[in-house]
2 protein chains.
Amino acid sequence: MSKKNSEPTPKNTLGMDVSVDCVVFGFDNDTLKVLLIEQKQPDTVHLKTQNAVPGDLVLDNESLDEAAKRILQELTSLKGIYLKQFHAFGDPNRVRGLKDQQWLRTFRVNPERRVLTIGYYSLVKLSEFKPKAASFAGKTYWVDVYNIPSLAFDHNEIVHKALLMLRHELMADHIGFELLPEKFTLSQLQKLYEIILDKKLDKRNFRKNILRTETVTALEEKQQGVLHKPAQLFTKK
Amino acid sequence: MSKKNSEPTPKNTLGMDVSVDCVVFGFDNDTLKVLLIEQKQPDTVHLKTQNAVPGDLVLDNESLDEAAKRILQELTSLKGIYLKQFHAFGDPNRVRGLKDQQWLRTFRVNPERRVLTIGYYSLVKLSEFKPKAASFAGKTYWVDVYNIPSLAFDHNEIVHKALLMLRHELMADHIGFELLPEKFTLSQLQKLYEIILDKKLDKRNFRKNILRTETVTALEEKQQGVLHKPAQLFTKK
DNA sequence: ATACTTCGTGTGCTAAATACACTTTCAAAT
DNA sequence: ATTTGAAAGTGTATTTAGCACACGAAGTAT
């Protein structure tokens, strides 16, 4: 085998760890929230814990989409969650914090190995969400997407980009109801849009638009127990 | 160090090879083309060579964007080429062809290692393109994007997705002129749009639109050497 | 001079986007 | 029973963007 002749000089024999990070969005009727986890800390280290977006290494026999689905299901029991790959983050210096390196040294078999992460975002019905203990996480929190604390690694950048991509897709594909309960009113939906897009919308025009796209259908049912005129309920078509 | 207590079971210590594949688009005034390379073949194997999209492993100290830029510059001397990450392809079975595995065995230090690839597309001015010998490539070809032969790995899928993303971005950001010479006529630009979007456009409406977006500026110069009324030349703003 | 070819432009029509305000319906309180 | 509060639900007029359509102008070649 005359490898030498035809072969380009072999490069990068180190390999990388590949992880998937999920920016999980939820909506509580007032604010758009992102799910954070408290990073597990080494027992011996008594620093303040860091928060992060849930993520994990991609297993050897698992596709990226499968990894993302698994991460979500380790945090919650929900099935059929909306999930979308949005960007790969591969800067060689994305892990530069002291705490980040400490964390890697404790929880990774090969802490020196470069880590590439594939960003996904997912849309979750907060009403149905029940946190579960996940192997990679301690406590979980929901925080306002417009007021995110400083996160581990490059997760602030990841969340920011996820929001931009979500805005894009909300306009293009009207996926907003994925964040609402099964049954919802058009006012709820409008408020959701206003918060994600960060601007006020006109009620009548909004309704015309949504009804024209035919992504939702009216139910024969009305809101109950509100102290004003009850709204008609809708569901996704 | 009581690792055992706080640590989730370590997973996936194998690591992956991460590569970047570039779908390079060019335009020759009639067809939208994609740059393919002839994959180097092991000397001892006398099979028909396969074609592929240019790509290479990401080096240890290199970001994804840098890797993409390097791959392009190994094929051509051009600088400042338009480049955009569009998707990560990470199916564990993306390398399933016999030839693909043979190729990996010859040209990769760790041929069994799973390979993840990050897809980029780039827009190149064909007129200025001069192919260069790249370490990872044999000959290079331009082929019609609507008539792509069977490619190595999952590169047919990669090219297809790149085209979809290019269409999206062409509409949103009017990046078409990246495929044309410095100076171009609006008719050339329109033809480019028609070919990328695969549909006919109305001349007057197209001009109104382009001029309204103000992505191009008129030059004080006209086409020369054409056997009809010469068109005004434009350049990107 | 003529023929040939593409360039470059204006208008009317239709559809979509936007701005805007009042009446209705229910529950709660009196 | 009546009133009050609070969001629901609805129509129209105006502006703007999208679309279809045809002909004279400016150059080259003979």
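Excluded from the calculations below are hydrogen atoms, water molecules and symmetry mates; all remaining heavy atoms, backbone and side chain alike, are included.
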Using a 4.0 Å heavy-atom cut-off across all strands, classify B/Thr185 as base, sugar-phosphate, or nothing. nothing
With a 3.5 Å cut-off and just heavy-atom distances, do the side chain of B/Lys208 and the base of C/dT9 make a donor-acceptor pair? no
Is any side-chain N or O of B/Arg204 under 3.5 Å from a base N or O of D/dC21, one able to act as donor and the other as acceptor? yes
A/His228 NE2 to C/dT25 P: how many Å, rounded? 15 Å
Determine whether any donor atom in the side chain of B/Lys222 lies under 3.5 Å from an acceptor atom in the base of C/dT6, or the reverse, and answer yes or no. no
So if I take every side-chain heavy atom of B/Leu227 and compare against D/dA20, D/dA29, C/dA28, which nucleotide ends up nearest? D/dA29
Donor-acceptor pair under 3.5 Å, A/Asn209 side chain vs C/dA17 base: no
Please work out if B/Gln223 contacts a base, only the sugar-phosphate, or nothing of the nucleic acid, heavy-atom cut-off 4.0 Å. nothing
Using the side-chain heavy atoms of A/Asn205, tell me which of these nucleotides is nearest: C/dC7, C/dT18, D/dG27. C/dT18
In whole angstroms, the gap separating C1' of C/dA17 from CD1 of A/Ile210 amounts to 15 Å
Say whether, by atom type as modelled, one donor and one acceptor occur between the side chain of B/Asn156 and the main chain of B/Leu151 under 3.5 angstrom. yes
Could you please spell out the steps behind the side chain to side chain donor-acceptor pair (under 3.5 Å) verdict for A/Asp144 and A/Asn147? CA-CA 5 Å; A/Asp144 184 345; A/Asn147 193 15; 5.7 Å; no
So does A/Lys203 reach the base of D/dG9 with its side chain, donor to acceptor, closer than 3.5 Å? yes
By nearest-heavy-atom nucleotide on DNA chain C, the more 5' of A/Pro230 and A/Arg212 is A/Arg212
Round to a whole Å and report the spacing from NZ of B/Lys229 to P of D/dC23. 16 Å
What is the ring orientation for B/Phe129 with B/Trp142, classed by angle as parallel under 30°, tilted 30 to 60°, or perpendicular over 60°? perpendicular
Would you say D/dA8 has OP1 or OP2 under 4.0 Å from some side-chain N or O of A/Ser187? yes
Within less than 4.0 Å of OP1 or OP2 of C/dC7, is there a side-chain N or O belonging to B/Arg207? no
Looking only at the aromatic ring of each residue, does the gap between the centers of B/Tyr193 and B/Phe206 stay below 6.0 angstrom? yes
